Number of protein chains: 2
Amino acid sequence: MNEKSSGRSAERVPLSRERVLQSAMAIADDGGLAGLTIRSLARSLETKPMSLYHYVRNKDEILDGIVDAIFNEIELPAAGGEWKAELKRRATSARNVLRRHPWAIALMESRTVPGPANLRHHDAVLGTLRAAGFSLALAAHTYALLDAYVYGSALQEASLPFDGPESLAEVAGPMVEMFSAGDYPHLREFALQHVLQPGYDFGDEFDFGLDLILDGLAAHLPKPADGVDAGAA
Amino acid sequence: MNEKSSGRSAERVPLSRERVLQSAMAIADDGGLAGLTIRSLARSLETKPMSLYHYVRNKDEILDGIVDAIFNEIELPAAGGEWKAELKRRATSARNVLRRHPWAIALMESRTVPGPANLRHHDAVLGTLRAAGFSLALAAHTYALLDAYVYGSALQEASLPFDGPESLAEVAGPMVEMFSAGDYPHLREFALQHVLQPGYDFGDEFDFGLDLILDGLAAHLPKPADGVDAGAA
DNA sequence: CGAACATATCGTACAAAGTACGAGAATGCT
DNA sequence: AGCATTCTCGTACTTTGTACGATATGTTCG
């Protein structure tokens, strides 16, 4: 009746590259990148460090892998849809993903080899833009601008010393006092009169910028051609 | 006639926190963050690892220190100047600094305690905005948007697998072939028809976005009041 | 001048990390 | 059953940050 030693061993899911990457993400999610070590990863998979090396070449490959997994979580824009709505959806999704996995931002800089999910992603966005009539040049501008904004926003949020509107006061209060000496008058005003006011949430800033950018881009499109008909030619 | 042992020892500049940080930046500049270790730092200062600990508490303090040094290199906007020009100057300067020190971007995310240069910087930008008539709310939006864009652009450039328009071809050529299989058709078109065309330089994308953002912001200002005179109240 | 103290240097050593090497166990195929 | 392939992991080496405490180098005061 026994298969190997204990009945428990039967339910032991076999190791796999997928499981390794999944576990790695889970660890990074709640311990930061620093908490992700080969040893901690092995522990969480109930195995030993060196066993992992059968599924990944080295730690860098794990990092590349989880960065690409991130791209898989971001919603792709639909090629047929209205470009502004599609881009907004995609940007918002990307931003939410990066909020959920703040460690990914730091990784993006160091991992220069794009994975398949990353490529698929870029391709879909370009497809949406081209279908909407963006020239190649404008598509390039758009892509650079939007992505910079999304990543930059994520970077900003990740480097804030607080996590949400609640914990803001805990940090900002003491901080304001520190520079009540007279340095940083504008910063002081800004903190006291705006940021620390009830209802302020830094997270809300994202939409303002996103809309401003999308509207600005719309103005660069040759002809919306959404009048009933322009008589044309 | 001898002072200590050899005449050479006289010209040995004494260690100091400044020199430690300076050396750290130099090492990071040409070896990346990974090249910056306590030992490599000590070597470059011609001393021994443990000697550094008299000037900094630990490595984290070094990292905080060089991040703040980065902010010192960014041009501050003048409070009196025309806001758009001032913001553009500052954004361009920040972007250039981050290009020169790409490692700084990765650090920004992890270092959550702002240094004095960082604070001074924020204060100056806010001052410029307020002087130009930005409400606190609009100033917050502006700051978030512009910084996100600048940092995001830097992040993008840092994660490119090439360094300039020249080395682009070396990397992109093989890459395009890799997905000539039929996947990523838009990416392929984009690369072949646009990015790989002579004259394309990703670095040029920055200005497009910056101008778009600044123009968009201008539209949010209550009244330029730059007509000869508005009769006013 | 010398003793006492402060400041700065650094030798030694340890813990935590990535991973090379190769032995052993498990599994599949004929 | 026997062999080959695949997977597991024990051991050990290297690189890192840095704790601890010893030395050396001024500085001050009697």
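Convention: sequence-line order gives letters A, B, ...; per-chain numbering from 1. On a predicted model such as this, the values are computed, not experimentally measured, just so you know.
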Separation of B:L21 CG from B:S16 OG (nearest 0.5 Å) |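 It comes to 8.5 Å.
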Which pairs pass salt bridge (charged side-chain N to carboxylate O under 4.0 Å, His left out) with one or both residues in residues 22-42 of chain B, sequence neighbours excluded?
->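 For residues 22-42 of chain B: none.
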Which pairs, with at least one residue in residues 147-157 of chain A and sequence neighbours excluded, count as a salt bridge (charged side-chain N to carboxylate O under 4.0 Å, His left out)?
->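 Residue pairs passing salt bridge (charged side-chain N to carboxylate O under 4.0 Å, His left out), neighbours aside: A:R90-A:D147, A:R95-A:E157, A:R99-A:E157.
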Quick one: [X] [atom1] to [N] [atom2], roughly how many Å, whole number?
{"X": "B:D60", "N": "D:dT18", "atom1": "CG", "atom2": "P", "answer": "7 Å"}
{"X": "B:R57", "N": "D:dA19", "atom1": "CZ", "atom2": "P", "answer": "11 Å"}
{"X": "B:E61", "N": "D:dT18", "atom1": "CD", "atom2": "C1'", "answer": "14 Å"}
{"X": "B:L52", "N": "C:dG11", "atom1": "CG", "atom2": "P", "answer": "12 Å"}

Show the numbers, then the answer: is there a ring-ring contact (aromatic ring centres under 6.0 Å, His included) between A:Y184 and B:H122?
-> CA-CA 8 Å; A:Y184 321 122; B:H122 286 196; 9.7 Å; no
Looking only at side-chain N and O atoms, does B:S51 come under 4.0 Å of OP1 or OP2 in C:dA8?
->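 Answer no for this pair, as no side-chain N or O of B:S51 is under 4.0 Å from OP1 or OP2.
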Any side-chain N or O of A:T47 under 4.0 Å from OP1/OP2 of D:dT8?
->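 Checking A:T47 against D:dT8: no side-chain N or O falls below 4.0 Å of OP1 or OP2.
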Extract from the structure each pairing of a protein N or O with an N or O of nucleotides 14-17 of chain D at less than 3.5 Å, listing the distance.
from, atom 1, to, atom 2, distance (Å)
D:dG17, OP1, B:K59, NZ, 2.5
D:dG17, OP2, B:I38, N, 2.8
D:dG17, N7, B:R39, NH2, 2.6
D:dG17, O6, B:R39, NH2, 2.8

Side-chain donor/acceptor pairs under 3.5 Å, residues 63-77 of chain B, sequence neighbours excluded:
from, atom 1, to, atom 2, distance (Å)
B:D68, OD1, B:A117, N, 3.3
B:D68, OD1, B:N118, N, 3.1
B:D68, OD2, B:A117, N, 3.0
B:N72, OD1, B:R120, NH2, 3.0
B:E73, OE1, B:R100, NH2, 3.1
B:E73, OE1, B:H101, NE2, 3.0
B:E73, OE2, B:H101, NE2, 3.2
B:E75, OE1, B:R89, NH1, 2.3

Residue [X], side-chain atoms from C-beta onward, closest of [options]:
{"X": "B:M50", "options": "D:dA19, C:dT9, D:dC9", "answer": "D:dA19"}
{"X": "A:H54", "options": "C:dA8, C:dC10, D:dT8", "answer": "D:dT8"}
{"X": "B:K48", "options": "C:dC10, D:dT18, D:dC9", "answer": "C:dC10"}
{"X": "B:L15", "options": "D:dC9, C:dT9, C:dC10", "answer": "C:dT9"}

Output side-chain donor-acceptor pairs under 3.5 Å for residues 186-198 of chain B, partner residues at least two apart or in another chain, one line each.
from, atom 1, to, atom 2, distance (Å)
B:E189, OE1, A:R130, NE, 3.2
B:E189, OE2, A:R130, NH2, 3.0
B:Q197, NE2, B:L192, O, 2.8

Identify, with sequence neighbours excluded, every residue that meets ring pair (Phe, Tyr, Trp, His ring centres under 6.0 Å) alongside B:Y151.
->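 With sequence neighbours excluded, B:Y151 shows a ring pair (Phe, Tyr, Trp, His ring centres under 6.0 Å) to no residue whatsoever.
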Partners of B:F202 by ring pair (Phe, Tyr, Trp, His ring centres under 6.0 Å), sequence neighbours excluded?
->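 In terms of ring pair (Phe, Tyr, Trp, His ring centres under 6.0 Å), with neighbours along the sequence ignored, B:F202 is linked to no residue.
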Residues in side-chain contact (heavy atoms from CB on, under 4.5 Å) contact with B:T142, at least two apart in sequence or another chain |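 For B:T142, the residues satisfying side-chain contact (heavy atoms from CB on, under 4.5 Å) (neighbours in sequence not counted) are B:L87, B:L129, B:F134, B:L138, B:L146, B:L217.
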Between the first and last five pairs of the helix from C:dC1-D:dG30 to C:dT30-D:dA1, the angle of the axes, rounded to 10 degrees =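 That helix gives 10° between its end axes.
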